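These notes are about the structure you will find just below.
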Amino acid sequence: MSDDEADPELLELLRQSLSLSKKAASDEVSSDTGVLKSAEHIYANAIDVSIDMYGTKAAAASLFKTMQQRGYSTQAWSQHDLHPAIEQGFSEVGMVNFIFTMDLLNFSFWSELSETERYQVEYLGKRWTGYKSLVACLRRALDEGVPITTPRYWNDSLGSDDVLRHVFRSATDEQIPLLEERIAMLREAGMILHQDFGDPDEIRSDEKETLEAELDQLALGPADGSEVEVVVADPAPIESLPADVAMESAQAGAEVETDTTAPEITQSNVVSEANNDEVAKSSLPQPERRPDLTVLRLVEKADKSAGKLVNLLAKHFPSFRDEARFLSKRVRLLKRPQIFVADLWAAFNGAGYGEFTDIDHLTMFADYRVPQMLRALGVLVYSPPLHYHISSLKEIPSGHSWEVQLRGCSIWAVELIRREILRQHPEAAATGVNAVLIDFLLYDLAKERESAGEISASLVCFFCRALRELGGTLFKIKWLKMPDLQVVPRS
Ligand SMILES: Nc1nc2c(c(CN[C@H]3C=C[C@H](O)[C@@H]3O)cn2[C@@H]2O[C@H](COP(=O)(O)O)[C@@H](O)[C@H]2O)c(=O)[nH]1
């Protein structure tokens, strides 16, 4: 390096000491999520939920057998009715943005109404409920030309409350639970993505000038007093983005910049992810195309670590920070950050943006559906007070000790099932049997039972272990109303 060139390491040191470099802020993220440790702590101190050893062994055997029979793998993810796939015309940017949007809102589809009256979404000539109703809303919006999976859109004037309410519209009188909270979460996440992972091009000019001025003042002249040229890193020109992203954005303009002065949004003048090409051919004036790479940058910041990506989500996004207090200790459950990473891993089959070196460190995702299945399999056992509370259809408030015990013990139970499978079948380690696939399978089995009428949507029939052993009948009890998201009213 010649004398008059600025020392890049010195400049980075200056930036970090002034905490001007975003790079410094996110490098402190650990790859250890702490979720399994929290789950073990909850299990070790739970008095209302326990894990049955025999049930766990039996569940491990039957789940492994089912996995073998179905050849269960990440491939199952793309075979789902509504999940996006590259083969359907989604770009990689579009897939990542879709999955982020989906898992940002992937909570609480609970209804107390009957199958016919509960919230449901009409799409592709079918009625979708539960988690699938959310995915159907996103697909339907894209088909209707609303770029609902483009983070930039969430705070664009075109993305009004009315437009977003229309995206989640119901085919029945019941609307999607927590609609206003979901809209607020979209806007908050869009702002955070722009602030923390925004395109350097989009840094406000005054912000950039401030940065340059501060660095100018601090640039240390070399010993011989010659001038040091302060270089403020220019935004990476689009051609220097990873080949696949540059290609995606050059070809398909995966995202469309919504021009706030554009005419009222109509089906034809907004380019959606899924039908870029058709509209590209249309005669309409095409707005400037620029991909929204903020989620990609978030994913890339994790350096292919699943644990780091989970922690980045919990660190930057309050709505992903799924934690609770149990016996006056903070515990981490992080259901949706983990399910986002798992969905990326499955959607991309462990490659590209789905490649994670530590995917096996993820745990089960503590929702309200998989615990039902664990109970039905005889893995989870409830204390009489908890069982009575549930069977008398009483709600369990968010953050209540019972909720934390149910979620934490479910995570620990799936870990014990995973260990038992590997104990019974050491070869399974090579086939990638991990908590993610066990969880996915438990969820899918629960939904299959629901479709087969064994578990109705609003009333969940449990084989109460004690009754079954006494040859008792099926206990018709309603699953506890346990919102899996701690919704803090937005001030
Ligand atoms: N632990 C766990 N929880 C999951 C899922 C999924 C869907 N994942 C798909 C991706 C790959 C798999 O093959 C699945 O097909 C949704 N949920 C949660 O359930 C609740 C919705 O329930 P219901 O109202 O009945 O649809 C809600 O809290 C939602 O966040 C999962 O996989 N694991």
Side-chain angles (χ1 to χ4, degrees), residues 35 39 63 66-67 70 72-85 95 98-99 101-113 115 118-121 127-138 174 176-178 182 185 319-320 322 333-349 354 362-374 376 398 403 406-408 410-411 413-415 417 434-451 454-460 478-487:
V35 173
L63 287 169
T66 304
M67 282 179 148
R70 298 185 182 193
Y72 203 77
S73 72
T74 53
Q75 299 286 347
W77 197 94
S78 309
Q79 287 149 21
H80 272 264
D81 305 306
L82 302 171
H83 284 165
M95 288 274 289
F98 188 103
I99 294 168
T101 311
M102 181 178 78
D103 287 325
L104 176 68
L105 304 175
N106 189 0
F107 59 84
S108 302
F109 303 105
W110 190 259
S111 174
E112 303 200 12
L113 302 178
E115 264 311 280
R118 68 176 294 186
Y119 172 70
Q120 45 196 282
V121 171
R127 293 283 181 100
W128 308 87
T129 59
Y131 158 80
K132 287 187 177 178
S133 67
L134 168 66
V135 193
C137 283
L138 301 183
E174 186 182 46
I176 188 171
L178 301 168
R182 293 178 201 268
M185 286 165 66
S319 65
F320 274 113
D322 177 9
L333 299 166
L334 300 182
K335 173 214 145 185
R336 286 185 296 109
Q338 293 198 99
I339 209 169
F340 168 64
V341 179
D343 281 340
L344 277 183
W345 174 68
F348 288 95
N349 289 307
L362 293 190
T363 72
M364 169 263 180
F365 322 119
D367 71 317
Y368 56 76
R369 193 56 84 186
V370 171
Q372 290 171 341
M373 198 60 206
L374 293 171
S398 182
E403 180 208 352
L406 283 160
R407 298 180 77 192
S410 296
I411 292 171
V414 171
E415 172 61 14
I417 288 172
N434 57 25
V436 172
L437 286 181
I438 295 169
D439 172 286
F440 280 169
L441 179 58
L442 284 165
Y443 174 87
D444 290 345
L445 291 173
K447 297 305 284 178
E448 288 168 17
R449 286 187 174 211
E450 181 188 59
S451 310
E454 289 171 43
I455 296 183
S456 71
S458 54
L459 274 186
V460 180
K478 176 178 178 184
W479 175 248
L480 59 97
K481 291 195 308 185
M482 181 180 78
D484 59 322
L485 170 89
Q486 306 211 4
V487 179

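Here, residue 1 is the first one in the sequence, and each next residue gets the next number. Numbering of ligands and ligand atoms starts at 1, following listing order. Note that this is a predicted model, so its numbers are computed, not measured.
- With a 4.0 Å heavy-atom cut-off, ligand 1 is reached by the side chain of W77 but not by its N, CA, C or O.
- Each of the following atoms of ligand 1 lies closer than 4.0 Å to a heavy atom of K447: 23 (P), 25 (O), 26 (O).
- Residue contacts with ligand 1 include H83, since one of its heavy atoms falls under 4.0 Å from the ligand.
- Remark: ligand 1 atoms within the under-4.0 Å shell around heavy atoms of K335 are 27 (C), 28 (O), 29 (C), 30 (O).
- In this structure, P337 and F320 have side chains that are in contact, with non-hydrogen atoms separated by less than 4.5 Å.
- Of the listed options E450, M364, R369, R369 places a heavy atom closest to atom 25 (O) of ligand 1.
- Distance check, rounded to the nearest 0.5 Å: OG of S73 to CE of M67 gives 9.5 Å.
- Counting heavy atoms closer than 4.0 Å to ligand 1, residue L442 contributes nothing at all.
- Residue T129 places no N or O, backbone or side chain, under 3.5 Å from any N or O of ligand 1.
- In this structure, Y131 and F109 have perpendicular ring planes: the angle between them is above 60°, well past the 30° mark.
- Against a heavy-atom cut-off of under 4.0 Å, G130 is close to the following atoms of ligand 1: 24 (O), 26 (O).
- For K335 against D322, the heavy-atom pair with the smallest separation is N-OD2, 3.1 Å.
- For the pair L362/N434, no side-chain contact is recorded, criterion being any heavy-atom separation below 4.5 Å from C-beta on.
- Panel note: side chain Q120, backbone E115; a donor-acceptor pair is recorded below 3.5 Å.
- Evaluated by nearest non-hydrogen atom to atom 33 (N) of ligand 1, the leading choice among L441, D439, I438, N106 is D439.
- Contact check for S78 versus T74: no side-chain heavy atoms found under the 4.5 Å cut-off.
- Between P177 and W110 the shortest heavy-atom distance is CG-O, 3.6 Å.
- Residue contacts with ligand 1 for H80 involve side-chain atoms from C-beta outward but no N, CA, C or O (heavy atoms, distance under 4.0 Å).
- With a 4.0 Å heavy-atom cut-off, ligand 1 is reached by the backbone of F365 and by its side chain too.
- Annotation for ligand 1: atoms under 4.0 Å from non-hydrogen atoms of D343 are 10 (C).
- Every atom of ligand 1 is numbered from 1 in the order shown, and the set under 4.0 Å from a heavy atom of Y72 is 13 (O).
- Side-chain N/O atoms of D444 and Y72 include a donor and acceptor closer than 3.5 Å.
- Of all the heavy atoms of V370, the ones lying under 4.0 Å from any atom of ligand 1 belong exclusively to the side chain.
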